Amino acid sequence: ADIISTVEFNYSGDLLATGDKGGRVVIFQREQENKSRPHSRGEYNVYSTFQSHEPEFDYLKSLEIEEKINKIRWLPQQNAAHFLLSTNDKTIKLWKISERDKRAEGYNLKDEDGRLRDPFTITALRVPILKPMDLMVEASPRRIFANAHTYHINSISVNSDHETYLSADDLRINLWHLEITDRSFNIVDIKPANMEELTEVITAAEFHPHHCNVLVYSSSKGTIRLCDMRSAALCDRHSKFFEEPEDPSSRSFFSEIISSISDVKFSHSGRYMMTRDYLSVKVWDLNMENRPVETYQVHEYLRSKLCSLYENDCIFDKFECCWNGSDSAIMTGSYNNFFRMFDRNTRRDVTLEASRESSKPRAILKPRKVCTGGKRKKDEISVDSLDFNKKILHTAWHPMENIIAVAATNNLYIFQDKIN
Amino acid sequence: MFVRGLKRKCFDGEEDIEGTLAGIKAIPSYNLQRQSLLDMSLVKLQLCHMLVEPNLCRSVLIANTVRQIQEEMTQDGTWQMINTQSTGQASLDRLVSTDILCRSSREQAEGKHVPGFSTFNKDFEGDQAQDSSETMSTASSVQAPRNLQSNVWEMENPQENKGNFQKSLDQIFETLENKSPNSVEDLFSEVDNSYYDLDTMLTGMMSNTKMGHCDGLETFSSPTTTTSNSNCKSDLNELDHIVEILVES
């Protein structure tokens, strides 16, 4: 199994898609309620597996283009088939996943094996009939959106109009129409005329869930810009600029790096947005630009280890974050296969671990605690014992229920609320 | 981080490494920590040249860090650093919060010796000494730190140093954009085995995620010798020449 690089529930939550470093997409489907197997409700089983992207070679630059899937985004379901967008560093593909449970028999021009029949042997005509067959799930690429990005694509986001979507790389954001593959519109361009002057890149971008003209993008300097596509064709001038003033007492050479935003997500309500930087998660009210309304510390104990984390490159890890369906809770990952959940109402938080040793099927997860110094209590783990190779970068929350998907390197964990 | 031909001087003038380490009682000065950070950043920037396609966000963040350090060093450089200990203390507090706390404060007070790293350094320096006859662009990754360290102590021509440094940084940065296959291939065609050793060691260093490895920064605690003006200038010219080879297009 390959390293999982993205996890995403669809709009109903019945399907869960994962993309991996090898360019594969694996889709899980939730089992329907079944009276004979009451415990299987809520279980996700493999529904479809397909190779989305292959490794490519850019001959102009003599560079390999990785097949790793950076993001998957589902389209809202409009018919029996399911559609999703998957992207690697350079190319976005629209995939159609459809079920086939019938096949036609009794063709005139070919026999059952598919071989063509000699026309002279055909003496009578018959109407083919549909016969049931074992369910087959097929994935086929319907659109390929290529050659629009010079830099590495970090985000894709489907618009609320269900007709367009955006793709963002380090310096540019493009707007596409789902039907048109040979044209895209550039709506944000922060590339300086002289590359030597480059000090800031785009790290994530997303469309507003309800207003199809509004998008946000975050930067490596810890800022978020909200743009309105109605104001100009090129959204280089933002409508709103979100930035929290820096605390001068905690300033260090690593301040900028840890302020770099790795993920930005609108709340389902559309009133808030959440950003993830290296040490914290911040919730912003779209109406207030000068500071976030809530800040949650994910792993503050790492603040004194920033130099080491810079040396081993962990400081550049890009953690994602997600909302629950009602926007009352948020979740994000950490190291040592830990992930954190914060309840916005009660202000309570919990640290849980996604690992085989700590979770037997249907066992309740035990809260974990990291000891920051001094005496280590029983069951606590000290900061120096944390495994920084076990990082949880990708998590997803079911849109309606309390079911979460957590990707721990090459394993996918699905947890749900305890059912009484 | 790994500096070639660096003469080590302990506070009491001893030259062997063990003596140096044993002599350390206080936390390394802010300037030295900053220097180590600068060296590490430069190595990271140059290492990402060698990768297939550098991660632009990471490169930009590292380059910004380098610029920050360089700006601060330029500011400091215009003032005489009379007493590194006393001036170091105030700004040391600023860095302490991000310092590697690999060793407990008790260990630091005892000036704990780190045998693993000292032998490692010795072997490395022995290796590099053999290659002193090589004149290759690959030497730039080790040349750069030495030259920049001499910058710190070079009171005259800080502006020129800054200019040269900035130019080198810009050249490095430009290659991230205008990556030409020829320069990369040429680079590797001229490489000899000793370079691969450097690479393996550095990547081994980079990929090691255990905290303890950061002790390495603490072992590089003794100040460099102040090089003469002419040496410094020729070194800088050499650096430019070397960087030019890297970015040749």
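Here is the naming used below: chain letters follow the sequence lines, and residue numbers restart at 1 for every chain. Source: prediction; values computed, not measured.
- Under the ring pair (Phe, Tyr, Trp, His ring centres under 6.0 Å) criterion, A/H152 pairs with no residue, sequence neighbours left out.
- A/Y310 and B/S41 share a donor-acceptor pair across their side chains, judged by distance under 3.5 Å alone.
- The ring pair (Phe, Tyr, Trp, His ring centres under 6.0 Å) check on A/F339 picks up A/F415, with sequence neighbours excluded.
- For A/N147, the CG atom counts as loosely surrounded, since its 6.0 Å shell holds 12 or fewer non-hydrogen atoms of other residues, nucleotides or ligands.
- Using a 4.5 Å cut-off on side-chain heavy atoms (C-beta onward), A/F253 and B/L38 make no contact.
- Heavy atoms of A/E66 lying under 4.5 Å from chain B are absent altogether.
- Taking CZ of B/R58 as the start and CD1 of A/I315 as the end, the distance is 11.5 Å to the nearest 0.5 Å.
- Scanning all heavy atoms of the two residues, the minimum distance from A/E196 to B/R67 falls at O-NH2, 3.4 Å.
- To the nearest 0.5 angstrom, B/L56 atom CG is 10.5 Å from A/N154 atom CG.
- Residues B/C57 and A/K318 come closest through the heavy atom pair SG-NZ, 3.5 Å.
- Closest heavy-atom contact between A/T199 and B/N64: O-ND2, 2.9 Å.
- Note: A/S260 OG to B/L61 CG = 5.0 Å, rounded to the nearest 0.5 Å.
- For A/L171, the part lying near chain B is the side chain, with the backbone staying farther off; criterion is any non-hydrogen pair under 4.5 Å.
- Cation-pi check for B/K44 over A/F316 is not met; the charged atom does not lie both under 6.0 angstrom from the ring centroid and within 45 degrees of its normal.
- Heavy-atom distances place both the backbone and the side chain of A/S220 under 4.5 Å from chain B.
- Counting all heavy atoms, side chain and backbone alike, B/Q68 lies closest to A/S252 at NE2-O, 4.1 Å.
- The local environment of NZ in A/K221 is crowded, with over 12 non-hydrogen atoms from other residues, nucleotides or ligands closer than 6.0 Å.
- With a 4.5 Å cut-off on non-hydrogen atoms, A/S219 does not touch chain B at all.
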